[in-house]
Structures are given as structure tokens and as C-alpha cells.
Amino acid sequence: MNTQKIYKEYLSTSEINTDILASFPDEASKIRAMAEIIISGNVTDAVFAEKYMRALGYDAQASDLAVKFLSLTDDKRAAKVFSGDVAVREAVINHYCSVMANFIVFSTAQRKNLKDTASYNRHIDKALPEMCESLTVLFELGANEGEYLTSLDKYFEFTYYVNTPDSWKLFNSLYVYDDFRKYVESIKDKFLGIYLRSALLPEAVEVFILEGDEKFTEAFITAVSELASENISQARKTYSKAVTVENDENFIENMIDLYDGMKYKNAIAHFKANSGKFHLSALSHAKDYYEYEESPRAKEF
């Protein structure tokens with residue numbers, strides 16, 4: 001479609017070419033085109049967004065049009081277009097801070113109404129995508145820490161309560177923002193403590209492991225080893241997602257194989273060949289297990 005042509009026309013005329021817009025089949029495709037223009041071109045011109053929305057037939061104040069656009073687009077990264085207009089930026093930030101606050105208030109009330117944990121987790125699981133989107137808007141617009149910190153704390157709490165691959169995928173998507181990384185760094189010890197005492201999925205700590213964080217990787221190795229030594233089939237199910245450790249994409253699979261009577265020799269050879277500190281740590285865990293079990297396999301290590 002003529003996505004980029006719309007913006008080129010705007011740059012030369014300061015207007016949206018409605019004839020080009022008419023070539024799109026429906027409003028949804030026109031909104032997608034607007035988001036694509038903003039994101040691909042890193043556009044931070046709030047007037048462009050306002051005129052585009054007016055060309056679509058919406059009539060309201062600039063700040064209301066901004067909120068309307070963000071409610072229609074699936075890609076909240078497009079919020080960056082409002083960063084250059086102080087009044088609109090603040091209005092959008094205030095709106096999404098309110099959205100987050102309402103989620104928290106409602107969820108707190110629901111926790112009292114829903115007596116069992118499973119029902120509560122199902123409830124907050126439904127809120128996570130919208131909370132992530134709200135935070136995306138706030139980060140794109142450079143909101144102050146005080147405007148989102150409480151909400152971010154709650155979002156982290158909800159995510160580890162729900163503890164599903166999708167919930168962590170949403171959480172991890174925010175690592176592209178420096179402010180989010182700064183936040184996670186500030187709660188790193190708390191995060192590690194939760195991981196050590198909870199059955200969090202590997203997706204929860206994948207970012208730390210990929211970055212070579214020693215404490216998180218050692219905790220991860222311990223968790224995998226303990227489960228594999230107790231229930232190898234459950235370990236294969238829980239850790240079915242590959243997580244690269246020390247550039248080894250097959251780390252988890254081979255670590256579980258260390259506890260498999262049919263595969264442990266090949267796994268030992270794999271870890272010895274790689275000989276990184278985390279590979280040696282995994283070998284050490286397996287050796288301790290076999291020695292504890294007084295198994296002759298211990299001598300293989």
C-alpha cells in the first residue's frame with residue numbers, strides 16, 4: 001500500500017492526502033499504516049498524528065485524539081509520536097497512569113472476592129497484556145519513574161503470580177527500554193530470591209542467563225539439576241524451551257541428559273568439550289547427585 005507516500009505528502013503539504021487513505025480497505029488498515037509510519041520513521045510529530053486522526057473522521061481535542069489512536073493501534077510503540085508535544089504527552093501519560101491504577105485497584109478488590117489462587121491468577125492474567133501495553137506507552141513517552149514505579153512493581157508481582165510463558169514473554173518485551181532495565185536492576189536481589197524459592201519458568205530468568213549473570217545462571221542450573229534428578233520426564237517438559245548458556249543452545253537438553261541412564265555419557269562428553277564455568281558447574285551438580293546415590297556413574301565425571 002501507499003504507506004510511506006502518506007507521510008511524504010504530509011511533509012510537503014502539511015496535510016494528509018485523503019485520496020491515498022481511501023485506497024486502504026478499512027479503518028484498521030489505516031491505523032496500522034499510521035503506526036507503521038511512526039515506528040519505521042521514528043516520527044515524533046504529534047500534529048501529524050492529530051491530522052491523520054481527523055482525516056479518518058474523528059473530531060476532538062488533540063489529547064483525546066491521541067488516546068483514541070492508541071486505543072485503536074495494536075502497536076503501542078507508536079506512542080512515541082506524541083513525545084514532542086508537552087501538553088499531549090502529559091495527557092497521554094496521565095491517562096495510562098490512570099489505566100494502570102484502575103487495574104491495580106480492581107485486582108486488589110478481586111483478590112478479596114476470589115478465594116482460590118487459581119481463580120485470582122486467571123483474573124490477573126487477563127489484565128497483563130493491557131498493563132504491558134500501558135507501560136510501553138509510558139516508556140515510549142519518557143514518563144518519570146514516580147509516575148509508573150508502583151504500577152511496575154504490581155506488574156512484576158502479577159507476572160510471577162501467573163508464571164506462564166506468555167506472561168513472561170510480555171514482561172521480557174519491555175527490556176528494550178532502559179528505564180525498565182534500570183527497574184529490574186533495582187529489584188535484582190528480590191527477583192533472585194523469588195526465583196530461588198518459587199517454581200518460576202525458565203522464561204523468567206532467560207534474559208539474565210543470556211547476559212551471563214552468574215547468580216541467576218547458577219540458580220537456574222541448580223533448579224534444572226534438582227528437577228532432573230527427581231523427575232526427568234517432568235524436567236524435559238518444564239525446560240522444553242531452549243535457553244542458550246555460554247553460547248550453547250543445547251545446554252539444557254544435555255544437562256537433563258546427565259541424569260538419563262541411556263544418555264549421560266554423551267552429555268558428559270558435551271559438557272567437558274565446552275568446558276565453560278557453567279558447563280563445569282552442571283557437571284559438578286550431576287557428580288554430587290551420583291555420589292550421593294552411591295552410583296558407580298560418579299566415576300565418569
Side-chain angles (χ1 to χ4, degrees), residues 3-4 6-7 10-11 14 31-54 58 60-105 107 127-159 167-188 190-191 207-208 210-211:
T3 305
Q4 295 306 320
I6 294 173
Y7 191 55
Y10 169 76
L11 289 175
S14 297
I31 292 294
R32 282 196 297 273
M34 180 178 172
E36 181 185 327
I37 291 168
I38 293 165
I39 295 167
S40 64
N42 199 30
V43 177
T44 55
D45 182 352
V47 176
F48 165 72
E50 178 185 350
K51 289 187 174 182
Y52 196 107
M53 291 299 289
R54 293 192 188 283
Y58 292 100
Q61 293 183 348
S63 58
D64 293 330
L65 291 174
V67 171
K68 181 63 178 179
F69 164 62
L70 290 172
S71 73
L72 294 173
T73 182
D74 292 330
D75 197 334
K76 298 302 187 285
R77 294 178 299 166
K80 70 178 65 179
V81 74
F82 305 113
S83 61
D85 186 307
V86 175
V88 174
R89 173 183 173 275
E90 288 302 314
V92 173
I93 287 174
N94 289 338
H95 172 79
Y96 279 93
C97 283
S98 295
V99 169
M100 292 291 284
N102 288 337
F103 276 134
I104 293 169
V105 170
S107 295
L128 289 178
E130 211 161 339
M131 292 182 79
C132 183
E133 289 182 346
S134 297
L135 286 165
T136 297
V137 171
L138 296 177
F139 288 134
E140 285 289 346
L141 293 178
N144 295 325
E145 186 181 79
E147 294 174 307
Y148 62 75
L149 187 57
T150 300
S151 297
L152 190 47
D153 277 336
K154 211 66 180 174
Y155 177 63
F156 172 58
E157 178 185 309
F158 288 171
T159 299
S167 70
W168 287 113
K169 183 178 179 180
L170 288 171
F171 186 85
N172 292 342
S173 72
L174 296 174
Y175 277 102
V176 297
Y177 298 106
D178 289 340
D179 285 341
F180 183 75
R181 283 186 167 273
K182 178 182 175 183
Y183 166 76
V184 173
E185 187 66 29
S186 73
I187 63 161
K188 209 168 183 180
K190 175 183 176 182
F191 200 152
V207 171
F208 297 108
L210 291 175
E211 293 178 350

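Residue indices begin at 1 and follow the sequence shown. Scope of the values below: all heavy atoms of this structure, side chains included, with no hydrogens, waters or symmetry mates.
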*Asks:* Between Phe208 and Phe191 (judged by ring centroids, cut-off 6.0 Å), do the two rings come close enough to count as a pair?
*Replies:*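 Under 6.0 Å, so yes.
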
*Asks:* State, to 0.1 Å, how close Val81 and Ala49 come at their nearest heavy-atom pair, and which atoms those are.
*Replies:*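 The answer is CG1-CB, 4.0 Å.
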
*Asks:* Run the side chain to side chain contact (heavy atoms under 4.5 Å, CB included) check on Leu70 and Phe82 step by step: do they pass?
*Replies:* CA-CA 10 Å; Leu70 290 172; Phe82 305 113; 4.0 Å; yes

*Asks:* For Phe171 and Phe180, what are the C-alpha separation, side-chain angles and deciding distance, and is it a ring pair (Phe, Tyr, Trp, His ring centres under 6.0 Å)?
*Replies:* CA-CA 10 Å; Phe171 186 85; Phe180 183 75; 5.0 Å; yes

*Asks:* How close do Val67 and Tyr96 get, counting heavy atoms only, and between which atoms?
*Replies:*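 Heavy-atom minimum between the residues: O-OH, 4.5 Å.
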
*Asks:* To the nearest 0.5 Å, what is the distance between OH (Tyr148) and CG (Leu135)?
*Replies:*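 Tyr148 OH to Leu135 CG: 9.0 Å, rounded to 0.5 Å.
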
*Asks:* Look up atom CD1 in Ile93 and atom CG in Asn144, then write down how far apart they are to the nearest 0.5 Å.
*Replies:*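 Reported to 0.5 Å precision, the distance equals 7.0 Å.
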
*Asks:* Which atom pair, heavy atoms only, marks the closest approach of Ser167 to Leu128?
*Replies:*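 Ser167 and Leu128 have their closest heavy atoms at CB-CD1, 3.6 Å.
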
*Asks:* Quick one: does Arg89's side chain have a donor or acceptor within less than 3.5 Å of a partner on Lys80's backbone?
*Replies:*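 Pair absent, no side-chain N/O of Arg89 close to backbone of Lys80.
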
*Asks:* After noting the C-alpha distance and the side-chain angles of Ile31 and Met53, does the key distance pass the side chain to side chain contact (heavy atoms under 4.5 Å, CB included) rule?
*Replies:* CA-CA 9 Å; Ile31 292 294; Met53 291 299 289; 4.1 Å; yes

*Asks:* How long is the straight-line distance from CD1 of Ile38 back to CG of Asp75, given to the nearest 0.5 Å?
*Replies:*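 Going from CG on Asp75 over to CD1 on Ile38, the span is 9.5 Å.
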
*Asks:* Does the side chain of Leu170 reach to within under 4.5 Å of the side chain of Thr159, using non-hydrogen atoms?
*Replies:*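 Heavy-atom side-chain distance check fails, nothing below 4.5 Å.
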
*Asks:* Set out, in order, the CA-CA distance, both residues' side-chain angles and the distance that settles salt bridge (charged side-chain N to carboxylate O under 4.0 Å, His left out) for Lys182 and Glu185, then state yes or no.
*Replies:* CA-CA 5 Å; Lys182 178 182 175 183; Glu185 187 66 29; over 6 Å; no

*Asks:* Kindly indicate whether the side chain of Asp178, heavy atoms from C-beta on, has any atom under 4.5 Å from the side chain of Phe139.
*Replies:*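 With C-beta onward as the side chain, the pair stays apart.
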
*Asks:* Between Ser151 and Met131, what is the shortest heavy-atom contact and its length?
*Replies:*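 Closest pair (atom of Ser151, atom of Met131, distance): O-CE, 4.4 Å.
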
*Asks:* Less than 4.5 Å apart, any side-chain heavy atom of Tyr155 and any of Leu152?
*Replies:*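 Side chain of Tyr155 against side chain of Leu152, heavy atoms only: contact under 4.5 Å found.
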
*Asks:* Does the separation of the ring centres of Tyr58 and Phe69 fall below 6.0 angstrom?
*Replies:*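 No, the ring centres sit 6.0 Å or more apart.
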
*Asks:* Can the ring centroids of Tyr10 and Tyr52 be said to lie less than 6.0 angstrom from one another?
*Replies:*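 No, they do not, as the ring centres are separated by 6.0 Å or more.
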
*Asks:* Restricting to non-hydrogen atoms, name the atom on Ile37 and the atom on Thr3 that form the minimum distance, rounded to 0.1 Å.
*Replies:*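 Heavy atoms only, the tightest pair is CD1-O, 3.2 Å.
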
*Asks:* To the closest 0.5 Å, what do you measure between CD (Glu133) and CE (Met100)?
*Replies:*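 Going from CD on Glu133 over to CE on Met100, the span is 11.0 Å.
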
*Asks:* Judged by modelled atom types alone, do Tyr177 and Glu140 share a side-chain donor-acceptor pair under 3.5 Å?
*Replies:*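 Side-chain D/A pair, Tyr177 to Glu140: present.
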
*Asks:* What is the distance from atom OG1 of Thr136 to atom NZ of Lys76, rounded to the nearest 0.5 Å?
*Replies:*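 Going from the OG1 atom of Thr136 to the NZ atom of Lys76 covers 8.5 Å.
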
*Asks:* Nearest 0.5 Å please: distance from the OG atom of Ser63 over to the NZ atom of Lys68.
*Replies:*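 It is 14.0 Å, given to the nearest 0.5 Å.
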
*Asks:* Answer whether the closest heavy-atom distance between the side chains of Met34 and Thr73 falls below 4.5 Å.
*Replies:*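 No; the side chains remain at least 4.5 Å from each other.
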
*Asks:* Can you name the closest pair of heavy atoms from Leu138 and Cys97 and give their distance?
*Replies:*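 So the two residues come closest at CD2-SG, 4.1 Å.
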
